[in-house]
Amino acid sequence: MCGRFAFYSPSEATAALFGAASSTEVVPRYNIAPTQYIAAVRRDEQDAPELAMLRWGLVPSWAKDPSIGNRMINARAETVAEKPSFRS
C-alpha cells in the first residue's frame with residue numbers, strides 16, 4: 001500500500017463505473033491517509049455492488065485494539081508470508 005492518495009471523482013461517476021448503488025456522497029479529498037474513511041466498492045447482502053465508506057487500513061483478526069492498523073500499511077515482499085499479520 002502507498003502512504004497517501006487522492007480521490008476526487010464524483011460519487012455518481014464512481015458508482016456508475018462499477019455498476020454500484022450510490023447511497024454515499026463522496027467529497028473530493030487530495031491527501032487521504034491510512035485510518036481515514038474512504039469510498040470503496042463492495043458487495044452488499046444481495047451480492048450487488050455498492051459504494052460505501054470504509055476505514056482504510058489492515059486490522060488483523062488477532063488485534064485487541066484497532067489502532068494497530070495505523071502502523072500496518074506496508075508489507076515487505078520478502079517477509080510477507082512469514083509475518084502473522086499478512087500471511088493469511
Side-chain angles (χ1 to χ4, degrees):
M1 256 189 244
C2 61
R4 306 275 173 138
F5 72 98
F7 186 86
Y8 45 84
S9 297
S11 53
E12 297 82 17
T14 304
L17 179 66
F18 293 99
S22 176
S23 60
T24 303
E25 183 62 34
V26 181
V27 178
R29 296 181 4 220
Y30 298 89
N31 191 21
I32 302 170
T35 74
Q36 294 181 339
Y37 282 82
I38 59 168
V41 177
R42 67 177 181 185
R43 297 279 177 182
D44 64 12
E45 293 82 23
Q46 291 79 32
D47 202 35
E50 72 173 345
L51 186 64
M53 297 301 287
L54 302 176
R55 185 177 183 270
W56 178 33
L58 171 67
V59 179
S61 60
W62 47 262
K64 292 181 174 48
D65 184 6
S67 68
I68 195 170
N70 301 353
R71 297 180 300 274
M72 300 183 64
I73 64 165
N74 291 310
R76 295 182 60 92
E78 300 84 19
T79 60
V80 72
E82 302 164 8
K83 302 293 182 184
S85 304
F86 301 108
R87 74 174 161 229
S88 294

As an exercise, state the distance from [atom1] of [X] to [atom2] of [Y], rounded to the nearest 0.5 Å.
X	Y	atom1	atom2	result
Phe7	Ile32	CZ	CD1	7.5 Å
Thr24	Met53	OG1	CE	7.0 Å
Glu50	Phe18	CD	CZ	14.0 Å

> Is there a donor-acceptor contact under 3.5 Å from the side chain of Gln36 to the main chain of Ala33?
Replying inline: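 Indeed, once roles are kept as given, a pair shorter than 3.5 Å links the two residues.
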> Does the side chain of Thr14 reach to within under 4.5 Å of the side chain of Leu51, using non-hydrogen atoms?
Replying inline: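 In short, these two side chains touch, coming nearer than 4.5 Å.
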> Tell me, do Pro49 and Arg42 make a side-chain contact under 4.5 Å, heavy atoms counted?
Replying inline: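 Side chain of Pro49 against side chain of Arg42, heavy atoms only: no contact under 4.5 Å found.
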> To which residues is Tyr8 joined in a hydrophobic cluster, defined by side-chain heavy-atom contacts under 4.5 Å among Ile, Leu, Val, Met, Phe, Trp and Tyr, whether direct or through other members?
Replying inline: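 For the cluster that includes Tyr8, the remaining residues are Tyr30.
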> Between Pro66 and Val59, which heavy-atom pair has the shortest distance, and what is it?
Replying inline: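 Closest approach of Pro66 to Val59, heavy atoms only: O-CG2, 3.7 Å.
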